[in-house]
Amino acid sequence: MGIRFILMVNKQGQTRLAQYYEWLTLEERRALEGEIVRKCLARTEQQCSFVEHRNYKIVYRRYASLFFLVGVDNDENELAILEFIHLLVETMDRHFGNVCELDIMFHLEKAHFMLEEMVMNGCIVETSKSNILSPIQLMEKMS
Amino acid sequence: MGRWRSPFFADMIRSIRACKTAAEERAVVRKECAAIRAAINENDQDYRHRNLAKLMFIHMLGYPTHFGQMECLKSIASAGFPEKRIGYLGLMLLLDERQEVLMLVTNSLKQDLNHTNQYIVGLALCALGNICSAEMARDLAPEVERLLQFRDPNIRKKAALCSIRIIKKVPDLAENFINPAAALLKEKHHGVLITGIQLVTDICKVSTEALEFFRKPKCLDGLVKTLRDVVNSPYAPEYDIAGITDPFLHIRLLKLLHVLGQGDADASDCMNDILAQVATKTESNKNAGNAILYECVETIMSIEDNGGLRVLAINILGRFLSNRDNNIRYVALNMLMKAITVDAQAVQRHRATILECVKDLDASIRKRALELVYLLVNESNVKPLTKELIDYLEISDQEFKGDLTAKICSMVEKFSPDKIWYIDQMLKVLSEAGNFVKDEVWHALIVVISNASDLHGYTVRALYRAVQTSIEQESLVRVAIWCIGEYGDMLVNNVGVLNIEDPITVTESDAVDVVEIAIKHHSSDITTKAMAMVALLKLSSRFPSCSERIRDIIVQNKGSLVLELQQRSIEFNSIVEKHQNIRSTLVERMPVLDEATFSGRRAGSLPATVSTSSGTSLNLPNGVAKPAAAPLVDLLDLSSDDAPVPSSSGNDFLQDLLGVDVSPASVQPGTSQAPKAGTDVLLDLLSIGSPPVQNNSTPSDILSSSQDNKSSVAILDGLSPAPSGGAASMIDLLDGFVPNSPKPEDNGPAYPSIVAFESSSLILTFNFSKPPGNPQTTLIQATFTNLSPNVYTDFVFQAAVPKFLQLHLDPASGNTLPASGNGSITQTLRVTNSQHGKKPLVMRTRIAYKLNNRDVLEEGQINNFPRDL
C-alpha cells in the first residue's frame, strides 16, 4: 500500500540503501533493482521523474551522485512522493551535515533508522524533521 | 560517531568498495560471512551488533544471509537499547512475514510492547508494523489497541500505523479500531494526525460500517475543520515545506475526503467549500503546491457531481497541461483520463495538446498521452487522429511501437466509417509495423475483406503493391498471400478497379512470384509458409497456365522437416497432379464469415481466443509449436469448445453460428443460409471423435491443411476409434456451399427403420434400438445393399455428426459388397445425443468403394431420423 520500496542507488548502479515494504526474494530484488535502475539512469534531466514499471510507478530524483527511487502504487500522488524524497534528503542533510553518498554507506544503520521514523509499512508517518531526528540524537547521546 | 559501532564495520565497507571485480567482491563477502558465522557459533556478545550491521550491508548487496536470522533474535532479546535497536533493524531487513522464525519473536515483541521505556515500545511497534504476519497480528492486537491511547504522541502515531497493518492482515479486527481511530482524528500533533487519517482511510476501505460511521456529519465536519485549520494555519517552521504547512497532511486529508465522499451526496456537499478553497488558494509555483492541487482535483473528480467544482478542476488540469515541467504534464495527463468519464467535452478541447504529447521525447508522457488519445476517439475525429498516429508510427521507437500499433488497430476497428478506409489504414499499419500486430487483428481484417465483396479487387491490388516493399512484415505477407490466393484472378484481370486507383498490370506469374518469395523468404515462419502453400493450390486452379510451375514450388517442400509443410506439399501435389477434376471445386471462394457474429464472439471470448491459439499450437501431435493456429481456426474459434480453457461464450457463439439453437433470432433466412451451413459443416468436421485432446489437434490440422477441405489419411488417424479400413468420419466441406436446410423430418414416436441413403446402386438402411436405461443413446444397425450387377470392394462407410452428438462406429461385417443384393454388409453405430429430446439426430455420410478397381465416392445427408432419438 502506498510505498512499496525505497532505494538509493549511485550512478554506477550500486545499491546504497534498500528498504522494501513488501516481500520479494533476493533474486527478485536484484532483478528489479537492475531493471529500474537501468531505466532511470538512462533518462535525461528534461524527462519527467516518473517511470511506469509493471504495475507500479517509480518516482525518482537525482541528488549529486545518488539516485533516490521510490516505488509506489499506481494510485499514489506522485508529486507528493517527490516532496517526500526531498524531505528525506533534507532530514539526512540536517543530521549528517552536507550528506553525501559516503555518509550513507558508512552509517547505513543510521540512515535506516531515519527512514524508519519517516515511513512505516509503506505509509508516511512523520514529516517534521525534529520529530524524526530526536530519537536518533538521543541514541547517539546515550552511547 | 557512536562508540558502539566498531571501526571494523567501516573497514569491511572500505574493502568491499575497493574491489574492482565482482569476483573479488564475492571473495571478500565470503570471508566476512565466514568470520560472522564463526562469531555466531562462539555466541560472541560484544560484537553482535557489529556483525549484524555487516550482515545487513551484505544482504543489501544481494547475498544470502539466513544464518544471521537467529542472531537478530538474540539481539532483540538482549537488554541493552543499542542491541535491541540493531536487532529490530536486522529483523525488518533480513526477515519477512513468511519465515517461521518470525513466530519466535512474538514473545519478545509482547514484552517490549509493555516495556517501560517508550523508545523500546516504539521499536517494537515499528517492527510489528512492518512485518507482522496474520497470527502475530491477532496475538498482539490488544496491545496495539491499548497503545493507541498512550500518552506519548510518538507511540500513538506508531501504534496507528501498526494498526493499519493489523487490519490489513486480519480484517475482522477492524471494528475494534473504529473508536480509537475516531479519537485520533481530533489530535493536534501532526504525526498522529497523519497516521490517524491513514488508519481511518484504511479502515473505511476494509469495512463498510466503518465507512458509514465516518461519513456521519459529526466526524466529517471535524475533518473539514481540521483541513481548514491546516490550510489557514500560520507559518509553522516545523512542518513548513515551500511555504505550505505540512503538505503531506493536506494530501492525506484530501485522500480521506475522497474515500468518504465517493458515492455519497451528502458527504460530498459538506466538502464543497473547503475543496473550493484549497483549489483556489493554493499556490502552484512550487511542487508542493502542485501536489496538493493534484490531490484536490483527484478528489473533486471522484465525489458526487458539483458543476462549479468540476469546472474549477478541469481548469487546473488545463493549466497543468501547458506547464513546461514534464512532471506536471504527466500528472495532468493522468488526471485527464479520469476526467474524461466526467466531462468528455472539456477534455476534447485539449485534444491538440494531447496529440502533441504523444510525440513527446519523454517515454512516460508518450504512454499516458497515447492512452488518453485512445479514450478521446469517436466517430467524428477518428480519421485525423488515426492519420496522426500512423504518421507517428513510422518514427516511433521499438518499445513504443507495440502499444501504438495495438491502439491504432483497436481504434480503426471500432470507429471506421467505411470499409475502404478501414482496409487502407490497416494496410498502412501492417506495412509499417506488421510484426507487432496481434493475430486477432489481421484475422479480423481478413473477415472484413471477405465481406467487402466490391473491394476485393482493390484490396488485392493494394496488398500486392504493399508486399513489394514490406516483405519482412509477417502479418502483411500473410494477409497478402491469403488475398492473392483467393482473389488472384481479380488481381490479374484488373477486376473492380476503383477511380482512385493507379493502374497496375500484374501477370499471373507475377502473382505466383509473390507467393513464391513468401515461401522461400528466410524470415517466413511456418504459418506463413503453410498459408502460402494453400494460396498456391488456389492459384494453380485459377491460373491453369502456371500450374506446372506451382507444382514445382509445392514439390520442393515434400521433404520438409516440418510435418505440416510436408503434409500439405504432398497432398496438394497429389491434387494438382491427379485430381484435376475436383480441384476447381475444392478451391472455390471461401464462404464469408458473418461479421457481426465474429466481432460479437471476439468481444465475448477474446481471452479464450488467445489461449486457444496457444493451446492448439501446443497440442499438435508432431510437437511442432505453431506460432499461431491457422487463420480459419481462430476465425471461427471452433476449437474453443474443446480447448484447455473452456469458455462458455465461445460455446454460445458456436450455437449461434450453427443456427442450431432453437431461439427465434437464429431463424435461417435464405441468404444467410450458405455461410451458416458452411460453418455448420465445419463444425461437424470438428466434432468428430470424443476425446477433446484429439479434437484439439485435429481441427487445426484439418482446417489448416484443408481450408478447402482436403482431408487426408493423417487426419483420420487422429480421429475417434477407427474401425478396420480407417473408417473414421469425414465429410465434404463442399456440401456446405450448397444452401440446404438440414431440418430433420418429423417421424412418428416409434423407431421405424429408415432408408438413410439411396442411390441407383446402393441402399443403406438404418434400424434403431435403444439400450435399456439410457435414453440418450441409440444403437443403429446399418445395412448396405448393393443393387448393381458389379461387386463393390474396399467398401468403407463414414459418417459425421454435429457437436451435440457422439458417434461410435463398430467394425463393419466386411468390406466386400456382393452384387445385385446377394448379400449385405452390416455395421453398428452408436449415437449419443446430448440434446436428447431437444434436437434430433442428423448425420452426413460418405461411402467409398472400388468398382472395377475404380474409386467411387457417394455422399449424402441423412435427415430423416426419427425425431425422438
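Within every chain, numbering begins at 1; the chains are lettered A, B, ... in the order of the sequence lines, protein sequences first and strands thereafter. Atoms considered below: every heavy atom in the structure, side chains included; atoms not considered: hydrogens, waters and symmetry mates.
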- Item | Plane angle bin for Phe248(B) and Phe84(A) - parallel if under 30°, tilted between 30 and 60°, otherwise perpendicular | perpendicular

- Of all heavy-atom pairs linking Asn77(A) and Lys255(B), the shortest is N-NZ, 3.8 Å

- Taking all non-hydrogen atoms of both residues, which atom of Asn334(B) and which atom of Lys57(A) are closest, and how far apart? ND2-NZ, 3.3 Å

- Task: Let me know if Asn74(A) has heavy atoms under 4.5 Å from chain B in its side chain, its backbone, both or neither.
- Result: neither

- Task: Decide yes or no on salt bridge (Lys or Arg N to Asp or Glu O under 4.0 Å) for Arg368(B) and Glu52(A), but give the supporting numbers first.
- Result: CA-CA 10 Å; Arg368(B) 283 272 148 249; Glu52(A) 282 172 39; 2.9 Å; yes

- Task: Could you check which of Lys129(A), Glu22(A), Glu117(A) has the highest count of heavy-atom pairs closer than 4.5 Å to chain B?
- Result: Glu117(A)

- Indicate yes or no: does Glu116(A) engage Arg85(B) in a salt bridge with an N to O separation below 4.0 Å. yes

- Is any side-chain heavy atom of Glu78(A) closer than 4.5 Å to a side-chain heavy atom of Tyr294(B)? yes

- Rounded to the nearest 0.5 Å, the CG atom of Leu89(B) sits from the NZ atom of Lys110(A) at a distance of 13.0 Å

- Message: Are Phe50(A) and Val331(B) packed together at the side-chain level, in the sense that at least one heavy-atom pair is separated by less than 4.5 angstrom?
- Response: yes

- Would you find a donor on one side and an acceptor on the other, under 3.5 Å apart, between the side chain of Asn130(B) and the backbone of Asn121(A)? yes

- Go through Met139(A) and Tyr119(B) one step at a time and tell me if the side-chain contact (heavy atoms from CB on, under 4.5 Å) criterion holds. CA-CA 10 Å; Met139(A) 212 165 58; Tyr119(B) 290 101; over 6 Å; no

- Message: Is the shortest side-chain heavy-atom distance between Thr195(B) and Glu126(A) below 4.5 Å?
- Response: no

- Task: Could you grab the distance from atom CZ of Phe320(B) to atom CG of Leu79(A), nearest 0.5 Å is fine?
- Result: 7.0 Å

- Item | Best-contacting candidate, Pro153(B), Gly122(B), Pro64(B), Cys126(B), against chain A by heavy atom pairs under 4.5 angstrom | Cys126(B)

- Message: With heavy-atom distances below 4.5 Å as the criterion, would you say the side chains of Ile194(B) and Thr127(A) are in contact?
- Response: yes

- Would you mind reporting whether Ile164(B) and Met120(A) have side-chain heavy atoms less than 4.5 Å apart? no

- Note on the structure: Most heavy-atom pairs under 4.5 Å with chain A, out of Lys286(B), Lys158(B), His250(B), belong to Lys158(B)

- Between Asn131(A) and His189(B), do the side chains contain an N or O donor and an N or O acceptor separated by less than 3.5 Å? yes

- Given Leu93(B) and Gln19(A), is the side-chain contact (heavy atoms from CB on, under 4.5 Å) satisfied, shown in steps? CA-CA 7 Å; Leu93(B) 287 181; Gln19(A) 176 81 297; 3.2 Å; yes

- Item | Side chain proximity check, Leu108(A) to Met60(B), heavy atoms < 4.5 angstrom | yes

- Note on the structure: Tightest non-hydrogen contact, residues Cys123(A) and Gln198(B), listed as CB-NE2, 2.8 Å

